[in-house]
There are 2 protein chains.
Amino acid sequence: MSELHLKNALDTLKATGVRITPQRHAILEYLINSMSHPTADEIYKSLEGKFPNMSVATVYNNLRVFREAGLVKELTYGDAASRFDFVTNDHYHMICEGCGKITDFHYPALKEVEHFASHVTGYKVNSHRLEVYGTCPDCLEQKNKQVL
Amino acid sequence: MSELHLKNALDTLKATGVRITPQRHAILEYLINSMSHPTADEIYKSLEGKFPNMSVATVYNNLRVFREAGLVKELTYGDAASRFDFVTNDHYHMICEGCGKITDFHYPALKEVEHFASHVTGYKVNSHRLEVYGTCPDCLEQKNKQVL
DNA sequence: ACACTATTTATAACGATTATCAATTAATAA
DNA sequence: TTATTAATTGATAATCGTTATAAATAGTGT
């Protein structure tokens, strides 16, 4: 099924008039197969075996292309490096404050909040961002060990 | 009432063993009176009249102190500068994608989402972040003008 | 094959933030 | 009040993620 995602993504790019270069193909493939919301640098490092000459700029440039095509979401974290998430269906992120792990979870889109916000502020609403922060099971276990 | 906020904030700091310097006093005061979710640099520039010798580092350092004391929330935006929000009551942010303006709005805290997420992922939930993105009335008006 | 444009690569530049460290200062106790 | 001392400040350099630039390369259509 990741095959299908890749094919759809490539079609979307073609339709927008974007060339499919080997680098773009590889970055997309990596994003789709990755379960880990990688940073640009992680993608860069993971592909340097296949593309010893690829520049970091290429990764950034193409992530922007993908973002503008709606294929990829950028998760920004202030000073820290952005993480990139291949867009499949609507889901939210649960983020561990201990180790930084990101776990996806599904939840019916919060359209009521959008409507409410639009009504109160007079804005035309476009999208929203929701993240939940906490401690993952692994880090919880670690904490328990420390107490003993 | 902003007087009260300031007094409470100073008490909180004292209780944590943090010294009240003139710079800290001024930064806190500015944050409380500001309706605009300022960046560190905006705070720095606004106070350079009063403190011609104050360093940007001091602003950053103290914003971190305030954040760690729970007095201030940092709103991070990837590459762009963080904005700082004096913590009063729970509210969310509506952000204009046109001009960057931030408008507060109140909404009953999304505890159900937290519970749901905790149940599904096994994390211990701590907090969440919700932001709504759209276009503010001013920018909407501008867009309408352009169409004519 | 040719010209034209998109893309890549390498590198320099940028901007926000943090680290460093000597100089200063607020809080505390004598 | 004054002395003491650890916290804080201020100036500057350093860091890090990201973007701009410009030359080299690769596709694409004629």
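Lettering follows sequence order; numbering is per chain, from 1.
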Partners passing side chain to side chain contact (heavy atoms under 4.5 Å, CB included) against A:Ala40 (at least two apart in sequence or in another chain): A:Val59, A:Tyr60, A:Leu63, A:Phe84

Other ILVMFWY residues reachable from A:Ile102 by side-chain steps of under 4.5 Å: A:Leu75, A:Tyr77, A:Ile95, A:Tyr133

statement: Contact span of DNA chain D against chain A, any nucleotide atom under 4.0 Å from a heavy atom, 5' to 3', runs D:dG17 to D:dT28

message: So, using side-chain hydrogen bond (donor to acceptor under 3.5 Å, both in side chains) as the criterion, who are the partners of A:Thr58 when residues are at least two apart?
response: none

Within residues 35-45 of chain B or reaching into it, pairs that qualify as side-chain hydrogen bond (donor to acceptor under 3.5 Å, both in side chains) - sequence neighbours excluded: B:Ser34-B:Ser36, B:His37-B:His93, B:His37-B:Asp104, B:Asp41-B:Lys45

Distance-only donor-acceptor pairs under 3.5 Å for side chains of residues 24-33 of chain A, two or more places apart:
| unit_1 | atom_1 | unit_2 | atom_2 | d |
| --- | --- | --- | --- | --- |
| A:Arg24 | NE | A:Asn62 | OD1 | 2.7 |
| A:Arg24 | NH1 | A:Arg19 | O | 2.8 |
| A:Arg24 | NH2 | A:Asn62 | OD1 | 3.3 |
| A:Tyr30 | OH | A:Ser46 | OG | 3.1 |
| A:Asn33 | ND2 | A:Glu29 | O | 3.4 |

- line: By nearest-heavy-atom nucleotide on DNA chain D, the more 5' of B:Ile20 and A:Arg19 is B:Ile20

- request: Kindly state which residues belonging to residues 62-75 of chain B come within less than 4.0 angstrom of DNA chain D, counting heavy atoms of the residue only, listed by number.
  value: B:Asn62

Between side-chain atoms of residues 48-56 of chain A and protein atoms elsewhere (two or more places apart, or another chain), which donor-acceptor pairs fall under 3.5 Å?
| unit_1 | atom_1 | unit_2 | atom_2 | d |
| --- | --- | --- | --- | --- |
| A:Ser55 | OG | A:Ala57 | N | 3.1 |

field: Five-pair end axes of the helix from C:dA1-D:dT30 to C:dA30-D:dT1 and the angle they enclose, rounded to 10°
entry: 30°

task: Quick one: which residue pairs count as a salt bridge (Lys or Arg N to Asp or Glu O under 4.0 Å) with a foot in residues 115-140 of chain B, not counting sequence neighbours?
output: B:Lys101-B:Asp138, B:Arg129-B:Glu131

DNA chain C: 5'-most and 3'-most nucleotides touching chain B, 4.0 angstrom heavy-atom criterion: C:dA16 to C:dA27

- prompt: Is there a residue in residues 38-59 of chain A whose heavy atoms reach under 4.0 Å of DNA chain D, and which residues are they?
  reply: A:Ala57

message: Looking at B:Glu114, is its backbone amide N or carbonyl O close enough to the side chain of B:Ser118 to form a donor-acceptor pair, meaning the two atoms are under 3.5 Å apart?
response: no

